[in-house]
Amino acid sequence: MTGTFYEVFENGREEVTLSSQKKTTFCASYLEVRMFNVGSGEAILLTLPGRKSAWVIDCGCHHNEALGEALAGYLNDEGIKLKGIVLSHPHFDHGGAIETLVQKAPLASTVTYCRSRDEYFWPPKPWIKTLNTELNAMNAALKKIVVEQNGMERVDLGKGVQARMYSGKRVSGGYTAIFMHVRYKAARLLFTGDVSCGYEEKLLKDSLGYEFRADVLKVTHHGSSSGTSNKLVCAVDPGIAIASTGHDAGHRLERGPLKRLGGRPGDREVLETRVDGDIILQTDGSSSKGRVLYYVDKEDPGRFAAAAEAKTVALDSINRASGGPAGCGKDC
Ligand SMILES: [Zn+2]
């Protein structure tokens, strides 16, 4: 293990050293998140404790066939079966590789497919039609879960891991996406898609009474200034933030979200694929005094970087774009 163990709490994290006995217990029961460096896209693998089955949370980039084949190869090599797919929203950079993935990956006996009832899905774009055909033809039973607008679905991911999938309503023509709040013992992780601050704020308001607090936040819209509002940061209060970033406009981590995430007390470096390569987080869900144990590692340039034609760059070589709507910075 070359990474670092942290205790993660509201708004921060602290490095810890584990006894070899605790390490053994941890390794026997961890949930793993791998955010792959795929350039201008997003592909996250959530491997359940025991490493026999996994869910993908979005899977797409500019080289979808190569990415789908590479991820299927990875699952084969690791002996992991694909058990579920979450498409946060129907954009090619988030779902384009799923078609190849379901053709080539080892599948669980039933594969669950979650999506929202987003008007982008209708009329379906050609690649979504093909994806539907592949899903219906795959060599496994298919269970579909459609999250209604302003709805919430509780989904048992397996092996003691649960998720709540939220879908909000469109705000002034912007994007919508499923927010997926994952729970494993004391651990909480929030995955978002590509949305704007207005959508985030409306979803939080309409979902009053539900808890969005999480140790880990997947930053919205690749780190664009138009997302990851102050209100979202306050509601989640993450100790770790991760972003899937590329080099082109629309897939960059910009100054606004960095400030909103890092400009508050606590050590909250934002990990991003463009700099760190694959981001690997593991947690056994154990906690002590409100602090949850995580292991954080990176793989540079990333397992599928070649397939996705993605690279990593030095942090100090990035000239961050600024801007973004003033509304994102509204007080908590
Ligand atoms: Zn995107």
Side-chain angles (χ1 to χ4, degrees), residues 33-46 55-68 71 85-101 114-116 118-121 124-125 127-128 131 147 165-168 170-171 173-180 190-200 203 217-229 232 241-254 256-258 261 270-276 278-279 302 304-305 307-311 320-321 323-325 328:
V33 175
R34 256 180 194 260
M35 178 184 260
F36 296 104
N37 177 23
V38 295
S40 300
E42 196 155 298
I44 300 168
L45 187 71
L46 191 71
W55 286 64
V56 287
I57 308 170
D58 289 340
C59 190
C61 70
H62 284 161
H63 301 276
N64 282 314
E65 204 171 317
L67 173 61
L71 181 50
I85 299 158
V86 179
L87 180 59
S88 71
H89 64 295
H91 280 175
F92 209 46
D93 65 330
H94 290 254
I98 295 172
E99 182 193 342
T100 310
L101 182 65
C114 296
R115 68 165 178 86
S116 65
D118 191 304
E119 63 206 54
Y120 280 150
F121 278 104
K125 302 193 172 40
W127 73 272
I128 287 279
L131 169 62
V147 189
M165 314 271 187
Y166 298 88
S167 176
R170 188 172 302 276
V171 178
Y175 299 160
T176 69
I178 286 179
F179 274 34
M180 180 181 182
L190 182 66
F191 298 91
T192 63
D194 290 355
V195 293
S196 62
C197 297
Y199 176 89
E200 294 167 2
L203 184 68
L217 170 67
K218 199 290 290 177
V219 171
T220 64
H221 206 169
H222 312 273
S224 162
S225 285
S226 60
T228 313
S229 62
L232 180 69
I242 58 174
S244 182
T245 52
H247 66 278
D248 60 318
H251 294 95
R252 290 185 199 145
L253 180 58
E254 297 178 335
L258 261 183
L261 282 159
V270 180
L271 302 170
E272 59 167 318
T273 53
R274 187 184 175 201
V275 172
D276 300 304
D278 291 354
I279 298 163
F304 311 143
E309 290 193 22
K311 290 182 180 143
R320 299 273 180 208
C328 291

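Counting starts at 1 for both ligands and their atoms, following the listed order.
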Distance criterion under 2.8 Å: protein N/O/S atoms around the Zn ion (ligand 1):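 Considering protein N, O and S only, the Zn ion (ligand 1) has 4 within range.
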
From Leu258 atom CG to Leu261 atom CG, the distance as rounded to the nearest 0.5 Å: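 That separation rounds to 7.0 Å.
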
Separation of Ile128 CD1 from Leu87 CG (nearest 0.5 Å): 5.5 Å

Checking Ser196 now: which residues fulfil side-chain contact (heavy atoms from CB on, under 4.5 Å) with it, not counting sequence neighbours?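 Checked Ser196 against side-chain contact (heavy atoms from CB on, under 4.5 Å); matches are Tyr199.
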
Quiz question: by atom type and distance under 3.5 Å, do the side chains of Glu65 and Thr100 form a donor-acceptor pair? no

Tell me every residue that passes side chain to side chain donor-acceptor pair (under 3.5 Å) with His91, counting only those two or more places apart in sequence or in another chain. His89

Going by side chain to side chain donor-acceptor pair (under 3.5 Å), name the residues that satisfy it together with Ser224, two or more places apart in sequence or in a different chain.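 For Ser224, the residues satisfying side chain to side chain donor-acceptor pair (under 3.5 Å) (neighbours in sequence not counted) are Ser226.
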
